Every structure is written in structure tokens, then in C-alpha cells.
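Everything below concerns the one structure shown next.
Quick note on labels: first sequence line is chain A, next is B, and so on, each numbered from 1. Note that the coordinates shown come from a computational prediction; the quantities given were computed from them, not determined experimentally.
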Amino acid sequence: MSSHAPSCHAAETGRSAPVGSPIVAFVGAPNGGKSTLFNRLTGARRVMGNWPGTSVEIGRGSWRMGDRTVDAIDFPGTYSLDPLSPDEELTRNLLVEVPLEERPDAIVVVADASHLARSLYLVAQVAEQPYRMVVALTMNDVAERRGVSVDAVKLAEQLGHPVIELDPRRGTGLESLADALTASLDAPAPARPARTAPEGSDFDRADARFAWIDDAVASAVVESEQDRTKTERIDSLLLHPIIGPLAFLGVMWLVFQLTTAVAAPLQDGLDALFTGPIANGATAGLEALGVAHPLVVGLIVDGLVTGVGTVLTFAPLMAIMFCLLALLEDSGYMARAAVVTDRLMRTIGLPGKAFLPLIVGFGCNVPAVSATRVLGDAKQRILTALLVPLTSCSARLAVYVMLAQTFFPENAGSVVFAMYLVSILLVVLTGLALRSTLWRAMGSSALVLDLPTYQRPQPRLVAQVTWMRLRGFLQTAGGIIVVTVMIVWLLQALPASGGHAIGEVPPTESWYATISSWLAPVFAPAGFADWRAVGALITGFLAKEAVISSWAQTYAVADPSTLDPTGQGVSALADQLRMTFDTASGGHPTLAVIAFMLFLLAYTPCVATLAAQKREIGLAWTVFGVVLQLALAYGLAVLVFQVGVLIL
Amino acid sequence: MRQVLDAITAGATGHRAICEHTGLGPGMVEAALHQLERMNMLEREEIGSACPSDGCGSCGSASTCVAPATGRGPVFLTLRRRTD
């Protein structure tokens, strides 16, 4: 394209200056005021159009400098004569590649004083050609506001070319520019360049140019010491290699503590509503309709109403957590968290961008898996999608809270926090293991350039984000939970052997118990080989949110998940669980419940997550992920229990 | 430029750290980073959002999205390992 483009002297398109007028090229970086200057100088005598034989738009006009008229050409914004785009390629062709006699008679390089060093790179390259050159220094007011003061006279001495300070918007310095250019045009064209082009590799040449630029800037530019902004002062702590990660953990711990503590009374209220007026109303309604058969009542009241109630009582817990996360995001802190975790991401060969799907996974694994599609590299996408299930989603939080209050009432918050630490550790270690065995990803150090300033969170935005996420959680989990609770109720209502009517089956004689009993012995090495514990894991495979309610159904006690955490720890279900784990573990209930919680953390997440994985990474990788998670969960649970028994 | 590259390799993370490491002014550091990016030795990566760049319409999770909505994230430049 550009190789067929006519030179500046040959092209007639857009020429308005008389034939034979000197041609002056205006070049410079984008957004440096070049076109503003060009328009100011040429006024109405300019035309915009594609350069012949190209699709590059160039301005051309006539500039009257006293008695002389100049043919001015406004080249597209360019940072360098080493082109990265068709625009820059045309600029290079017309300024460097064509024979000397075909080139413009002079060049005005528009340099942005507020980004002077960057602008001078083009000046350095033009100076390596035998050109008449004038440097037009713009954005001087912006530079001053940033504490940058440029001595144009000294700069000119260093560059070996005139430097004119001007403001094209206000029209100042234009006469000086005209005078400088007139003097240049009156002088003979230089026989050789003002500076010798450096040799060597591209990097060596660029480095040599920067050395020249550094000398010029050092002699002519004074940058006043900028006081650290409030944001920078805070970042010196929050981005510190040691303080940063500790601060991040502290903030996350606070989030989870507040979530569990504040949600409690709200959950109590919702529970009272569903187990009271709504359940009673449903029963009364079925009786009024004459369909109060035990199976129907059980399915509707114990299944459907209970299931919906369970979903909605999670809402306060999720809403508070989502609200706190939204506050952190809008304040600007989450960007710092991304930086802190980015360093960790890169040690497992993942880009910083993977931080966000993983952090979303702590809310819900389903959208987190979908979010991996923003990773451009397929291997990174698969690796991240495989790691997402190891992030402890909010559904598992409810189970942690219940078990922590039951078995560790004095340290429940810390135990829950420890589960999240283990989750992070599993993500990192599994990522490292997968990277070194399946993929060899590049790990490189990152450089943070641009962080948003801290700001006061906007309540309206926080509320919108919170509602969006809560709605997503309810939509994703709601249907699954309700169906799961109904299925579990049905399995528990159907007798595995004869002798009982449907809906009147002792728990130990139901199909639920039978299936769970088949699997229970597998978990003997982990200390919880009891069908009631194992059955909850089966339920949890469908939906983690339904684990507690399925236990309640199994033990035929009230579901305590809607009570406050302290209440859960002293509920009838808590008593039953203590007995179960104590018996199953042979007198080591603490170890057994820790093993159980670790298994719950690491094993396959809900079927909705699997469906999302299949969509994003395919069936083969999804199956691989299931096998990996089960192996990891089982190995971890057995290891903790067996080693714990040996030590204690 | 070599000084800036050495500073990054040595672990400087951020403009101010590079300035302190190299003794160069902020403007020079900015210019050097810009040139390194142009020369494909640094890769720009924005991690402001987990969302697709072409908006919610193309996202299968749009109806249940829980990704951060504010998009106020950092821009990273990462050293690209040269293959030549």
C-alpha cells in the first residue's frame, strides 16, 4: 500500500499552496496538540483526505508565513519512525524511505512538554535524518501543573534544533514558530544529519536514543518533587510485599466475621416466617383442597416449602457478603487486592486476570467458571476453570458455620476463616502441581502502572451490585436447592424394603439410607464412615446449600441453619452430629469433623458448576476435574485424620 | 532503557520504585516503558473486570452474573519472555 504512495512533492491531492511552495511536515504523538496547531496555522485553507494510494487520512493546507506560503502536511499521530500501524508506516515511507529530493523541505515535530521524554524519541529519530527541523513545544500549561518546567533555550542547545514554546489553542508562540521555520528554510538543507544514527540491535539503538534524550532532559527540565498523594501513602502499606498480603487476609477475615455475625438475626426472622405462618398456611390449604395425603403434604410442606425457605434464609448471609465485597471494590481496595494476589497468581502461571474468576468463586463457583472465558489463552482458561471449584463458595460457608459452632463454639469464626485459608492454599498448590505436570506456563514478574485512587463508595452503586449478585445466587441455587430437598425428602420417604407406607418410613429404612450405607465404609480411613455423614455429601454433590437441611431430614430434627450461629451449635441437630462423629471416628470427633470439612471443601462442587465447566472446558477436562477433586478431597481427609490420630 | 529493564527484572513494581532504582525522572521512566511496550518487550494487561470486552450481551452468565461491576482495576505491564 504505502510503497505505491506518491511522495509529498509528487502528490497533488489536497494541495492548496502554490506549486513550488516549500513542503513542511507536521509530525508528533497523538493527543499532543499537533492537529490543533496545524488547523490554527492553516485555518480554512486545509483539506482532509486519504493520501493517494492509501487509506491513511492526512490533512493538507497552506500556511501563510508573512510573504511566504508553505504547503503544510499534517501527518497522523506517531510516536516513532519504527511503524506499528499503517499510519506510522506511511509517515516513515514519506519521511525516510523516499529519496532526499522527494522528502518534505522541513519538519515541525510537535512535542508534548508534559510527556517530553516520550515526545523526544521522534525528535531523536528525525535528527538522524538530514532534515531542517523545528520542535514545537506544546502542553506547557499541563506540564507546569505537574511540576515540570522546561527551559526551551537549553533544550534547543542540547537538541541542536530550534525549540519554540507555543499554545495553539490560545495562539501564543505562533509567530516565533514562523520565524524559526523561515530561518530554517532560508538556510541551505543540511548535508548530513544533526546526530549520527546509532548502530546495533533495535534495543541498542533505542537505548542510545534514550541516552541522548536523558542528556537533553537533564539539562533543560526541572521536575519538582511531588508530595506523595494520600492514595500513594496508603498504597505504600497496602502494596507492601509483606504488609499487603497480611492486610488482604485481615480484610477478608473481617468480611467473613461480619457476614456470619450480622446475618444471624435476619436469618432467624425468615426461618420463623417459613416454619410458622407459611408452612401452616400450606398445610391448611392442602387440607382445604382435600389433598392432604401424607405424601402430598410431605412433598409440598417438607419438600417444597422447606426448600424455598432454606434458599431464602441464605439471602441475608449472601447479601451481607456481597455488599461488603462491593464496598471494597468501589472504594478502590479490590484493585490493590488484585495486585497483591497477582504476584501469587503468577507463581502458578496464571495472569492477574485470573484473580477475578477465582475471587468470584468465593461467592459462587458457577459464574466463576463462566468468567474464565475472559482469559485469552486456552490453557490458562482450563487451568483456572479447574481451580475454581477449590475456592470455597458461599454455599459451603453455611455448613462450615454449623459445624464450627457445633464442634468449636469458642473459635467458630477462626475455624471458618481457616477453611478459607486452606482453600487459597489448595488453589495455589494444585495450580503449581498442574502447571508443572500438565502445562509449562510462563511466570513473569508484573509491573503495576495504574491503580484507581481511593474513593468513598457510592451507596447506590453498592446496592445495585449487591442486588445483582444476590439475584444471581438465588436464581442459580434456588431451583437446585428446592429440587434437591424434594428429591432427598422423596428418597427418605420411599421404603427400601416393604413394611412401611410412603412418607412414613423410619430414616434408617429409606432408600436414602441404603444408598448412603453402601458408600459409608469408603470413608472409614477419614473417620466419618457413617451413612448420615456420607449421605450429606451425596446431597452436597447436588447442592452444598442443601447439606444441613438433608441432615435435619435424616435425623428427623428441626433444620437449624436458619438459627443464629450460637443457636445452631446447641440445636438438636448439633447434638446428633456430635454423637455421629464421635461414634464413627472411634472417639476422635474433632479430627473427623475437620476431615469432613476438608472433604467438603475439596470434593466436587455442585452439579451446576459441573455443567458450567462442561460448557467452558469440555467434558473430558470436566471429568478430569471431578477425578482430581475427589482424589484430593479423599487424600486430604484421610491424611488429616490418620496423622491426627497418630499425634493426639 | 536498559536501566529500566534491569529495575523491572530486579523486582521494582511501580513507577516510583523504578525511579528510585534507576535514578531516572518519572518522565524518562514513562517514556522507556512506553518504548519497551512498543518493542513488544512488555505486554499490557488490564484486569479491571472479569467481563468479556464486548459487554454482557455476549456472556452466557449475564442473567446470573456476580462479577464485579465497577471495573476499576489496575493496568499491568508484564515482561514478555523473548523467544529469539
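- To the nearest 0.5 angstrom, A/Phe203 atom CZ is 4.5 Å from B/Met1 atom CE.
- A distance of 7.5 Å separates CG in A/Asp82 from CZ in B/Arg38, rounded to the nearest 0.5 Å.
- In this structure, A/Ala117 and B/Gly27 approach most closely via the heavy-atom pair CB-O, 3.6 Å.
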task: List the steps, then state whether salt bridge (charged side-chain N to carboxylate O under 4.0 Å, His left out) holds for B/Arg2 with A/Asp204.
output: CA-CA 9 Å; B/Arg2 199 174 300 280; A/Asp204 290 336; 2.9 Å; yes

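- Both the backbone and the side chain of A/Ser80 come within contact range of chain B, judged by heavy atoms closer than 4.5 Å.
- For A/Leu84, the parts sitting under 4.5 Å from any heavy atom of chain B are the backbone and the side chain alike.
- B/Pro26 pairs by the side chain to side chain contact (heavy atoms under 4.5 Å, CB included) definition with A/Glu223, B/Cys19, not counting sequence neighbours.
- One finds the CE atom of B/Met39 at 7.0 Å from the OG atom of A/Ser201 (value rounded to the nearest 0.5 Å).
- Residue B/Glu30 holds its CD atom at 4.5 Å from CZ of A/Arg118, rounded to the nearest 0.5 Å.
- Between atom CG of residue A/Asp202 and atom CG of residue B/Asn40 there is a gap of 11.5 Å, rounded to the nearest 0.5 Å.
- Within residues 209-218 of chain A, the residues having any heavy atom less than 4.5 Å from a heavy atom of chain B are, in residue-number order, A/Phe210, A/Ile213, A/Asp214, A/Val217.
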